[in-house]
Amino acid sequence: MARSENGPPHSGGDALRVDRLHVAYGRSVQALRGVTVTVPASGIVTVLGANGAGKSTLLRAISGTLFLHHGAIEGGTVSYGGRTLNGRDSAAAVRAGIVQVPEGRRVFARLSVAENLQAGLLGTGGRRSARAREARDRVLELFPVLAEREHQRAGLLSGGEQQMLAIGRALMAGPRLLLLDEPSLGLAPRMVGRIAGVVREIARQGTAVLLVEQNAAVALDLADTAYVLDVGEVRLTGPAGDLARTDEVRRLYLGEHDAQAVDGAAREPAAATAGTAPARAAAPLRRWRG
Ligand code: ATP
């Protein structure tokens, strides 16, 4: 559906399309090479990969924040709802309905929880609108702990609560597509389970989610579709449940070093080196069930 950038909300048919994207930092670091990823208008898509695979770079390219990291798109396209986002800034992405929760839950530590949430309304046309009130109600319903701590400084929250606040702040802008960068990073398993439950609920309420994770067990459990990035390229893609059953994903990303897998790897040295992700990709052996 064609519409102006500041036009009415989408009809629900919008998809994000990343097509043969090449991204570089400076002249020497080629971070993404021909990456193609599609995120439908609803549901959860996850991008997995080891450190340095290019996951954050992909999110930065989508959210218009690459330039902040001295990176640039060198080829390919990012489009949302049929509109090209290449070369646009993060404000344009937000106006299009895409909001990113960056890695490391960067909340404003000295501001209160309420002020942090209000900051999520910047550029969305007013703090006192009915839409803003609705967004705040939605966030406090998803994260009741934020309602209890509304007047506390964000810096006093636990790591998990700060992650909730970072997600809540992003939701204040009313995104149609939420980009989540490693929401489970550094959190205790119990808190990871709570965050995962909320991500599932956010998607159920109709906000599409693109989830970047190193914790493959959590991500594959949540997502409908998964992509595995390996040194800047898409190595595997498919329904998350199918990928979770492949030997390669189980061995390299779910850390299932069972006898059979280890045997298999020992018997197939060529397969283990012919472009597969290196062993450093192994995620912590922890299966999450929410
Ligand atoms: P992690 O899980 O560690 O965050 P990642 O999969 O998100 O890893 P990226 O951070 O996207 O990977 O990094 C992809 C490649 O780009 C890596 O080689 C990384 O060193 C490089 N890179 C990332 N940011 C920059 C930057 N600002 N300047 C130069 N190189 C960068």
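Ligands are counted one by one from 1 in listed order, and the atoms in each one are counted from 1 as well. The structure presented is a predicted model; accordingly, all values stated were derived computationally and were not measured. All values below come from the heavy atoms of this structure, side chains included, with hydrogens, waters and symmetry mates left out.
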> Starting from atom 9 (P) of ligand 1, which protein heavy atom do you reach first, and at what distance in Å?
Replying inline: Thr57 OG1, 3.6 Å
> Can Ser63 and Thr65 be counted as having a side-chain donor-acceptor contact under 3.5 angstrom?
Replying inline: yes
> Side chains of Asn86 and Thr77: is there a donor and an acceptor less than 3.5 Å apart?
Replying inline: no
>> Check this for me: does any side-chain nitrogen of one of Glu248 and Arg235 sit under 4.0 Å from a carboxylate oxygen of the other?
In response: yes
> Glu182 and Gln163: which non-hydrogen atoms are nearest, and at how many Å?
Replying inline: O-OE1, 4.2 Å
> Closest non-hydrogen protein atom to atom 23 (C) of ligand 1, residue and atom name please, with distance?
Replying inline: Tyr25 CE1, 3.5 Å
> If you take all heavy atoms of Pro175 and Val99, which pair is closest and at what distance?
Replying inline: CB-CG2, 3.8 Å
>> Less than 4.0 Å from atom 19 (C) of ligand 1, is there any heavy atom belonging to the protein?
In response: no
>> Test: salt bridge (Lys or Arg N to Asp or Glu O under 4.0 Å). Region: residues 154-175. Which pairs qualify, not counting sequence neighbours?
In response: Arg149-Glu161
> For ligand 1, does Arg60 get within less than 4.0 Å through its side chain, its backbone, both, or neither, judged by non-hydrogen atoms?
Replying inline: side chain
> If you measure only the distance, is there a donor-acceptor pair under 3.5 Å linking the side chains of Thr57 and Tyr25?
Replying inline: yes
>> Given Ala61, Gly71, Gly54, Ser56, identify the one with the heavy atom nearest to atom 12 (O) of ligand 1.
In response: Gly54
>> Checking Glu141 now: which residues fulfil side-chain hydrogen bond (donor to acceptor under 3.5 Å, both in side chains) with it, not counting sequence neighbours?
In response: none
> What atoms of ligand 1 come within less than 4.0 Å of a heavy atom belonging to Glu182?
Replying inline: 2 (O)
> Which residue holds the protein heavy atom closest to atom 3 (O) of ligand 1, what is that atom called, and what is the gap in Å?
Replying inline: Asn51 OD1, 3.1 Å
> Can a non-hydrogen atom of Gln214 be found less than 4.0 Å from any atom of ligand 1?
Replying inline: yes
> In ligand 1, which numbered atoms sit nearer than 4.0 Å to a non-hydrogen atom of Ala53?
Replying inline: 5 (P), 6 (O), 12 (O)
>> Looking only at side-chain N and O atoms, does Glu213 offer a donor or acceptor that is under 3.5 Å from a partner on Ser184?
In response: yes
> Which heavy atom of the protein is the closest neighbour of atom 4 (O) of ligand 1, given with residue, atom name and distance?
Replying inline: Glu103 OE1, 3.5 Å
>> I'd like to know if Ala50 contacts ligand 1, where contact means a heavy-atom distance under 4.0 Å to any ligand atom.
In response: yes
> What protein heavy atom sits nearest atom 14 (C) of ligand 1, and how far off is it?
Replying inline: Gly52 O, 3.4 Å
> Is ligand 1 under 4.0 Å from a heavy atom in the side chain of Val29, in the backbone, in both, or in neither?
Replying inline: side chain
> Protein heavy atom under 4.0 angstrom of atom 28 (N) of ligand 1, is there one?
Replying inline: yes
